Amino acid sequence: MKICSIAAPATAQEAEAIQDALRPRLDLTGPGPRDPALVAGVDVAYADDLLAAAVVVLDGTSLDVVEQVTVPGRPAFGYVPGLLAFRELPSLVDALERLTVTPDLIVCDGYGLAHPRRFGLACHLGVLTGLPTIGVGKTAFVGSFEPPGRERGSWSELLLDGQVVGRVLRTQDGVKPVFVSVGHRVDLETACHDVLTLTPRHRLPETTRAADRLSRSALKAALAAST
DNA sequence: GCGACAG
DNA sequence: ATCTTGTCGC
């Protein structure tokens, strides 16, 4: 699939300006894909100045792997809270371009609309690919919230500046909740529905679990090959 | 001014 | 993200 490449800012100020310039291209019109046929998970693993980006496409119903791609690379930007996209997206876009199928939804590690400038990694990847995207974060980043009920499916609003920017969602009874926010072309209700479909027995979506494992093994292989 | 801070 | 042993639970 063809994807717009991400700009390479030299400074944090430039990076923030790029986010502000792209934010108007966001499509927050719902509802987006409910029970998508093909769902992609993306992740990046690091070791010193090397990295491995991975994309895994799953069948939305069986959750079986349909296709997977890995790409070795170098971090394009330091880790700066709020600017994660500039660090991870260059390599992830490379990997996505090598995909032979087009996913109906991309599940990102991290945040989307729940972001200081309302343009987290999931939003950025959505604008670049034109595909529906959502963000699923493992830890708190921005926004305030009350803990959701302990049962799977319980959720509470993630509020930022008086606006609902996401949901804190319990994906399994008694486990730590995850932070769901929309990226592009999906509404929050649909995003949470899809996350629950992707978490039949674990806290994290099968897409992120698969992408995480793949990126780590690819990094290990790249490390061995460079020796 | 001082912390906090996705991955 | 990554560095890391044993340990509790399904």
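Scope of the values below: all heavy atoms of this structure, side chains included, with no hydrogens, waters or symmetry mates. Predicted model only: the values in this text are computed from it and were never measured. Just so we're on the same page: letters track the sequence lines, and every chain starts at 1.
- Summarising the geometry, the separation between CG on A:D48 and C1' on C:dC3 is reported as 12 Å, rounded to the nearest angstrom.
- Base contact: A:G120 has a heavy atom under 4.0 Å from a base atom.
- Judged by centroid separation below 5.5 Å and plane tilt below 30°, A:F179 does not stack onto the base of B:dA6.
- When the side-chain nitrogen and oxygen atoms of A:K138 are compared with OP1 and OP2 of B:dA6, none of them lie within a distance under 4.0 Å.
- The residue A:L89 sits apart from the nucleic acid: no heavy atom pair falls under 4.0 Å.
- Using a 3.5 Å distance cut-off with no hydrogens or angles, the side chains of A:T190 and A:D187 do pair a donor with an acceptor.
- Atom CG of A:L158 is separated from atom P of B:dA6 by 13 Å (rounded to the nearest Å).
- Residues A:E88 and A:Y46 bring a donor and an acceptor atom of their side chains to less than 3.5 Å of each other.
- The residue A:A114 sits apart from the nucleic acid: no heavy atom pair falls under 4.0 Å.
- Residue contacts shown for A:A140 are limited to sugar-phosphate atoms, with no base heavy atom under 4.0 Å away.
- Phosphate contact (OP1/OP2 of B:dG7, side-chain N/O of A:Y46, threshold under 4.0 Å): absent.
- In this structure, A:L51 places its CG atom 14 Å from C1' of C:dT2, rounding to the nearest Å.
- Rounded to a whole Å, the CG atom of A:D49 is 14 Å from the P atom of C:dT2.
- Across all strands shown, A:G135 has no heavy atoms under 4.0 Å from either base or sugar-phosphate atoms.
- Using modelled atom types, one side-chain atom of A:T133 and one backbone atom of A:H184 make a donor-acceptor pair closer than 3.5 Å.
- With respect to A:E189 and A:R167, a salt bridge is recorded, a charged nitrogen being found less than 4.0 Å from a carboxylate O.
- Side chains of A:R152 and A:T199: a donor on one and an acceptor on the other come within 3.5 Å.
- Judged by distance alone, the side chains of A:R117 and A:Q19 do bring a donor and an acceptor atom under 3.5 Å apart.
- Of the candidates C:dA1, B:dG7, B:dC5, B:dC5 carries the atom nearest the A:F141 side chain, counting heavy atoms from C-beta on.
- Atom pair A:L125:CG and B:dG7:P shows a separation of 16 Å (rounding to whole Å applied).
- The phosphate of C:dC10 has neither OP1 nor OP2 within less than 4.0 Å of any side-chain N or O from A:R201.
- Residue-level contact check: A:L121 touches the bases, meaning some heavy atom is under 4.0 Å from a base atom.
- For A:P81, whose side chain is taken as the heavy atoms from C-beta onward, the closest listed nucleotide among C:dT2, B:dG7, B:dC5 is B:dC5.
- Contact annotation: A:T139 side-chain N/O to B:dG7 OP1/OP2 distance is under 4.0 Å.
- Taking atom OH of A:Y111 as the reference point, atom P of B:dG7 lies 7 Å away to the nearest angstrom.
- Put simply, NZ on A:K176 is 19 Å from P on C:dG9, counting in whole angstrom units.
- Applying the 4.0 Å criterion to OP1 and OP2 of C:dT2, one finds that A:R216 has a side-chain N or O inside that range.
- With rounding to whole Å, A:D43 atom CG is found 9 Å from C:dA1 atom C1'.
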